[in-house]
Amino acid sequence: MTEHILVLHGPNLNLLGRREPGIYGVQTLENINQQLQADAQSLGVELTIRQSNHEGQLVDWIGAALGQYVGIVINAAAYTHTSVAIRDAIAAVDLPTVEVHLSNIHKRESFRHHSYIAAVVIGQISGFGANSYRLGLRALVEHVRAGN
Ligand code: CA2
């Protein structure tokens, strides 16, 4: 059966390509999602992609993922640096999860250096623009198929 993966985009990522292209690139979220769907087809997996500006909505989607998806790719955006609730949701469902960021959060303001979710994910990919998502998806699929 085709593996089903959940991709979550956090707050303000719906604005991509329209503001701050110097930091986040010129691609819109729709462009990124299209590329991810094309990658998913090549990899032979199915993707559900969602974006929300609301912490509780992201928590609900993560909580409902158990039994529906084999893993999660998440850019929690600003909630990365603030949300114990998202961290707890990821830990609770215990699905393999990859944390991605467009920018290199470790090269930016100090408040972005700490990620609440880093400790409960397989790994973090940060700084490759839209490619962070593509690399994250590939890493997750290989991890799942390796049976780790
Ligand atoms: O680099 C990333 O992917 C971030 O997760 C993006 C977040 C930021 O708070 C994290 O520290 C790093 C911000 C996403 C907001 O996206 C915007 C897009 C266009 C214009 C303004 C913000």
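Counting starts at 1 for both ligands and their atoms, in listed order. Note that the numbering runs from 1 along the sequence shown for the chain. The shown structure was predicted, so the numbers you read here are calculated from the model rather than taken from an experiment.
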Taking only heavy atoms of [X], which atoms of ligand 1 are found under 4.0 Å from at least one of them?
| X | answer |
| --- | --- |
| Ser103 | 1 (O), 2 (C), 12 (C) |
| Leu15 | 19 (C) |
| His81 | 10 (C), 11 (O) |

Can you confirm, on distance only, whether ligand 1 has an N/O atom lying under 3.5 Å from any N/O atom belonging to [X]?
| X | answer |
| --- | --- |
| Leu16 | no |
| Thr80 | no |
| Arg108 | no |

Please state which protein non-hydrogen atom is closest to [atom] and give its distance, to 0.1 Å?
| atom | answer |
| --- | --- |
| atom 21 (C) of ligand 1 | Glu20 OE2, 3.6 Å |
| atom 13 (C) of ligand 1 | Tyr24 OH, 3.4 Å |
| atom 19 (C) of ligand 1 | Arg19 O, 3.4 Å |

With distance as the sole criterion, is a donor-acceptor pair present between the side chains of [X] and [Y] under 3.5 Å?
| X | Y | answer |
| --- | --- | --- |
| His4 | Thr48 | yes |
| His106 | Gln124 | yes |
| Thr2 | Glu46 | no |

Quiz item: Below 6.0 angstrom between ring centroids: does that apply to His9 and Tyr133?
Solution: yes
Exercise. Tell me which one of His101, Arg112, His113 gets a heavy atom nearest to atom 9 (O) of ligand 1.
Key: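 Nearest heavy atom to atom 9 (O) of ligand 1 lies in Arg112.
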Practice problem: Closest by any non-hydrogen atom to atom 2 (C) of ligand 1: pick that one out of Leu102, Asn12, Ile105. | Solution: Leu102
Practice problem: May I have the step-by-step check of side chain to side chain donor-acceptor pair (under 3.5 Å) for Asn31 and Gln35, ending in yes or no? | Solution: CA-CA 6 Å; Asn31 295 152; Gln35 180 65 67; over 6 Å; no
Exercise. Applying side-chain contact (heavy atoms from CB on, under 4.5 Å) between Ile49 and each of Leu29, Asn33, Ile5, Leu6, report the one that passes.
Key: Asn33
Practice problem: For Tyr116, enumerate each residue passing the ring-ring contact (aromatic ring centres under 6.0 Å, His included) test, keeping only those at least two apart in sequence or located in another chain. | Solution: His114
Quiz item: Counting only heavy atoms not in His54, do more than 12 fall under 6.0 Å of its NE2?
Solution: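 Count not over threshold, so no.
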